[in-house]
Amino acid sequence: MKESWLSEYTKFGVNNELPIMCLKFSDTREYIENIKNGIMYMNSLDYFAKLKPRSGMSDNLEGGRIKANGDIEYKDVFICSHMLCFVGLFPKHFLVMELNSEGCPHKIKIDSDRFDLNKMKKEFGEYFIPFLYNELSAGFKKYCHQNNTVGDLEKVLYLDISRPENKKIMDELFDRDDIAFCYMKRKEFSNQQEIRMLLLDGKKKILKLLQLIWQRMFQYLERE
């Protein structure tokens, strides 16, 4: 068959706006093992705002905005929130290897020319675990419902904040304490392809997503 990408099969319900998979990276094997057991440790936005520069992990505007005088203004409702960051793999990152009898993608694989796994490992950690996005989203929504808390799993929108219209959008979200503000970052971070799990609760740091255990928690992959 002619080489094609999964993103081309929208007539079969492929949504190019949503990831197929999410990868969680870490420097330590122990962290990945905890996730396999259904325990996910989250850091506050304040943590990432104050983190010393390391690849793309630090961002002094997490939970904050630049004021007219150049200072950064933070809000507790944002910086006290906790998040878990994943790298998203979208339909554009997958090559279709085989079709079924109806012409629908049956087998796919990651296109290494469009997604550089080794580069991601260098930036975010040698160890990683993959999730199906739909399963991860369903598990997190169930957790939030059971624990009567506010949270969401969404892709990050990267904006050029030097453009007045983009700055206006972010300022309006910031002023009304809208959680959507936390899903926006400067365009220079766009290489992260981030999918963000955000918990708008300053008291929550550890998610015990035990309901995810019975779902397809893929075996982690590590350097040989």
Side-chain angles (χ1 to χ4, degrees), residues 15 17-26 31 34-51 56-66 72-88 90 124 129-159 161 166-186 189-190 192-215 217:
N15 186 343
E17 298 301 315
L18 294 178
I20 302 296
M21 298 177 65
C22 297
L23 304 183
K24 178 58 187 172
F25 290 84
S26 176
Y31 187 92
N34 285 336
I35 292 179
K36 289 173 65 179
N37 291 322
I39 299 175
M40 298 182 177
Y41 180 81
M42 307 181 84
N43 282 307
S44 66
L45 271 69
D46 185 56
Y47 168 84
F48 290 100
K50 295 178 179 178
L51 193 65
M57 292 185 65
S58 61
D59 181 2
N60 64 348
L61 285 184
E62 287 288 7
R65 66 171 172 186
I66 300 177
I72 300 177
E73 177 186 4
Y74 297 98
K75 272 192 176 181
D76 288 345
V77 66
F78 296 140
I79 64 173
C80 291
S81 301
H82 286 75
M83 69 178 179
L84 201 60
C85 304
F86 302 83
V87 174
F90 291 80
F124 303 119
I129 183 169
F131 297 86
L132 289 177
Y133 170 79
N134 288 341
E135 292 180 354
L136 185 63
S137 178
F140 186 54
K141 287 179 181 178
K142 184 176 180 180
Y143 171 90
C144 291
H145 177 73
Q146 291 177 339
N147 290 273
N148 193 31
T149 189
V150 178
D152 211 344
L153 179 71
E154 296 284 350
K155 70 176 183 179
V156 168
L157 177 63
Y158 299 98
L159 298 175
I161 62 173
N166 291 337
K167 182 67 165 58
K168 180 181 178 182
I169 291 172
M170 297 190 71
D171 283 344
E172 290 176 349
L173 294 173
F174 186 91
D175 289 336
R176 64 173 185 255
D177 297 345
D178 194 319
I179 191 175
F181 177 83
C182 297
Y183 290 98
M184 295 182 175
K185 296 189 71 172
R186 289 169 287 178
F189 292 96
S190 61
Q192 296 177 347
Q193 300 166 192
E194 184 182 342
I195 306 299
R196 178 169 293 190
M197 179 182 284
L198 186 69
L199 200 59
L200 203 64
D201 187 338
K203 299 178 181 179
K204 302 288 185 182
K205 286 189 177 181
I206 298 178
L207 297 183
K208 295 183 178 179
L209 300 182
L210 299 180
Q211 69 270 26
L212 289 180
I213 294 178
W214 60 267
Q215 298 172 341
M217 300 279 285

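Looking only at distances, no side-chain donor or acceptor of Asn37 sits under 3.5 Å from a matching main-chain atom of Ile39. Side chain of Lys167 to main chain of Ile66: a donor-acceptor pair is present (N/O by atom type, distance under 3.5 Å, no hydrogens or angles). In terms of modelled atom types and a separation under 3.5 Å, the side chain of Arg196 and the main chain of Met83 share no donor-acceptor contact.
When all heavy atoms of Asn147 and Tyr143 are compared, the closest pair comes out as ND2-O, 2.8 Å. Summarising the geometry of Phe86 relative to Met197, their closest heavy-atom pair is CE1-CB, 4.0 Å, with the distance given to 0.1 Å. The heavy-atom pair separating Cys85 from Glu194 by the smallest distance is SG-OE2, 3.1 Å. Residues Leu199 and Cys144 come closest through the heavy atom pair CD1-SG, 4.0 Å. When all heavy atoms of Phe140 and Gly151 are compared, the closest pair comes out as CE2-C, 3.7 Å. Of all the heavy atoms in Pro130 and Leu23, the pair that sits closest is CB-CD2, 3.4 Å.
Looking at Ile195 and Leu136, their side chains never come closer than 4.5 Å, going by heavy atoms from C-beta outward. At a threshold of 4.5 Å between non-hydrogen side-chain atoms, the residues Leu45 and Tyr74 do not count as touching. At least one side-chain heavy atom of Met170 sits under 4.5 Å from a side-chain heavy atom of Leu159. Taking 4.5 Å as the limit, some side-chain heavy atom of Phe131 sits within range of a side-chain heavy atom of Ile35. Contact check for Tyr183 versus Asp152: side-chain heavy atoms found under the 4.5 Å cut-off. Between Arg186 and Asp59, some side-chain heavy-atom pair lies under the 4.5 Å cut-off.
Atoms CG and SG, on Asp177 and Cys182 in that order, are 10.0 Å from each other to the nearest 0.5 Å. Here the straight-line distance linking atom CD1 of Ile161 with atom CZ of Arg65 works out to 12.0 Å at 0.5 Å rounding. To the nearest 0.5 angstrom, Phe90 atom CZ is 7.5 Å from Leu18 atom CG. Note: Tyr133 OH to Asn15 CG = 9.5 Å, rounded to the nearest 0.5 Å. Atom CD1 in Ile169 sits 12.0 Å away from atom CG in Asp178 (nearest 0.5 Å). In this structure, the separation between CE on Met42 and CE on Met40 is 9.0 Å, given to the nearest 0.5 Å.
Salt-bridge check for Lys50 with Glu62: failed, with every basic side-chain N at 4.0 Å or more from each acidic carboxylate O.
Ring geometry for Phe25 against Phe124 counts as tilted: the plane angle lies between 30° and 60°, on a 0 to 90° scale. Ring orientation note: the planes of Phe78 and Phe174 are tilted relative to one another, at an angle of 30° to 60°.
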